[in-house]
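I have placed the structure first, in the form of structure tokens, so that the comments after it can refer back to it.
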Amino acid sequence: MPTIMITGAAGFIGGHVAREAERRGGLSLRLMSHRRPPAGAAGAGPATAGPDPATAGPGSGSGFGHGHGPGAVVPGHRAVRADLSDPGSLRGVCEGVDVLLHCASQIGGTPEANEAVNARGTAALMAEARRAGVSRVVYLSTASVYGRGAFRAARPEDLVRNPGSPTSGSRAHAEDAVLAAGGVVLRPHLVLGDGDRWVVPGLARILRALPGTVEGWAARTSVITAQDLARLLLGAGLAPAGDLTASVYHAAHPVPVTVRTLLGAVAAVAGPAADPAAEDLTAVRARELLAARGIAAQGLDMLTSDHWFDSDPVWRDLRCTPGPDFEAAFKELAEGYRRALLDI
């Protein structure tokens, strides 16, 4: 029975990975969290003091108002308390581990916190993994390491990283540490699902701040559900080495979604908003309106240019079939998002 350690196991994606591993069965799980052990996990390593960044991430925290995070359903597995910003707390966490799925990241906050957790923390974790003889490391990164631009059926080998924020820059450094250790990197773009407190809530704020569409919302973007992303992370961790043809993969549903379709689905669950047919704004005018409402324009940039990343290789190499397309998948998530957006 292989032992898999999941960092950020109480967070958004890490929680989904833990649940996917539980569903698959035949695996011994070690669930690493800084803030709290995932509910249902047995035991805990020594607690550490200090800041609370190690499991922070898009949507880390309670899922859709249910009172627990998506990592709650992990009965009978071992919990480990450790802090990526405190390398000393990582000593021995990888002992006996076969596969390390590194899903913990600092998202936002100070540049110092991002550097401490994402860059130095990942480097320290990789040193522990090497010392313990971990056979496979998979790191959950982000397509944000590319910075701004138009991306159309883009492949990792054709792109140059150009991170535009401390978070993205520190995650690029984390990638370097993982790749130097012989690991695998997955880069999703927009991730949807139970526990998402960033993507759909952020889109809802933009919709409510604008009196119409922006340049027709014609751009295409890559999305993936957290459940599908969990399948890919676990698959990459367990796949025979000969099946992996790359060390960096994009992780998304193979079929991109138009921004118009994405925002239409969000509008349907976000409550009253401006009539999208009222006016078609220029991007410049939309930025002015968002600035007046104190909303960063970064999200708008991702909605007015293509962010479509070729993810066929990861599905092919892992012999996985993608889940439902966006519209079918979002129908399953709609009620949860509707409840989560009541206070937005």
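In this text, all values refer to a predicted model and were calculated from it rather than measured experimentally.
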Reported [atom1]-to-[atom2] distance for the pair [X] and [Y], which is rounded to 0.5 angstrom:
{"X": "Gln106", "Y": "Thr167", "atom1": "CD", "atom2": "OG1", "value": "6.5 Å"}
{"X": "Ser141", "Y": "Leu186", "atom1": "OG", "atom2": "CG", "value": "9.0 Å"}
{"X": "Glu332", "Y": "Gln227", "atom1": "CD", "atom2": "CD", "value": "9.5 Å"}
{"X": "Glu288", "Y": "Leu281", "atom1": "CD", "atom2": "CG", "value": "10.0 Å"}
{"X": "Arg287", "Y": "Asp301", "atom1": "CZ", "atom2": "CG", "value": "4.5 Å"}
{"X": "Ser168", "Y": "Glu175", "atom1": "OG", "atom2": "CD", "value": "10.0 Å"}

Sequence neighbours excluded, which residues qualify as salt bridge (charged side-chain N to carboxylate O under 4.0 Å, His left out) partners of [X]?
{"X": "Glu112", "answer": "none"}
{"X": "Asp176", "answer": "Arg161"}
{"X": "Arg338", "answer": "Glu335"}
{"X": "Arg293", "answer": "none"}

[X]: side chain to side chain contact (heavy atoms under 4.5 Å, CB included) partners, not counting sequence neighbours:
{"X": "Ala268", "value": "none"}
{"X": "Ala265", "value": "Phe326, Phe330"}
{"X": "Gln298", "value": "none"}
{"X": "Leu179", "value": "Val185, Ser247, Val248"}

- residues 235-254 vs salt bridge (charged side-chain N to carboxylate O under 4.0 Å, His left out), sequence neighbours excluded, gives Asp243-Arg319

- Message: According to ring pair (Phe, Tyr, Trp, His ring centres under 6.0 Å), does anything in residues 80-129 pair up with another residue at least two apart or in another chain? List the pairs.
- Response: His102-Tyr139

- Item | Any pair counted as ring pair (Phe, Tyr, Trp, His ring centres under 6.0 Å), so long as it reaches residues 226-247, sequence neighbours left out | none

- Residues Arg220, Asp306: salt bridge by 4.0 Å N-O rule: yes

- Set of ring pair (Phe, Tyr, Trp, His ring centres under 6.0 Å) partners for Tyr146, sequence neighbours left out: Phe151, His250, Phe309

- Item | Audit row: Arg23, Glu20, salt bridge (Lys or Arg N to Asp or Glu O under 4.0 Å) steps and yes/no | CA-CA 5 Å; Arg23 278 192 293 267; Glu20 179 62 28; 2.9 Å; yes

- Message: Does any part of the side chain of Trp315, heavy atoms only, come nearer than 4.5 Å to the side chain of Thr321, both counted from C-beta?
- Response: no

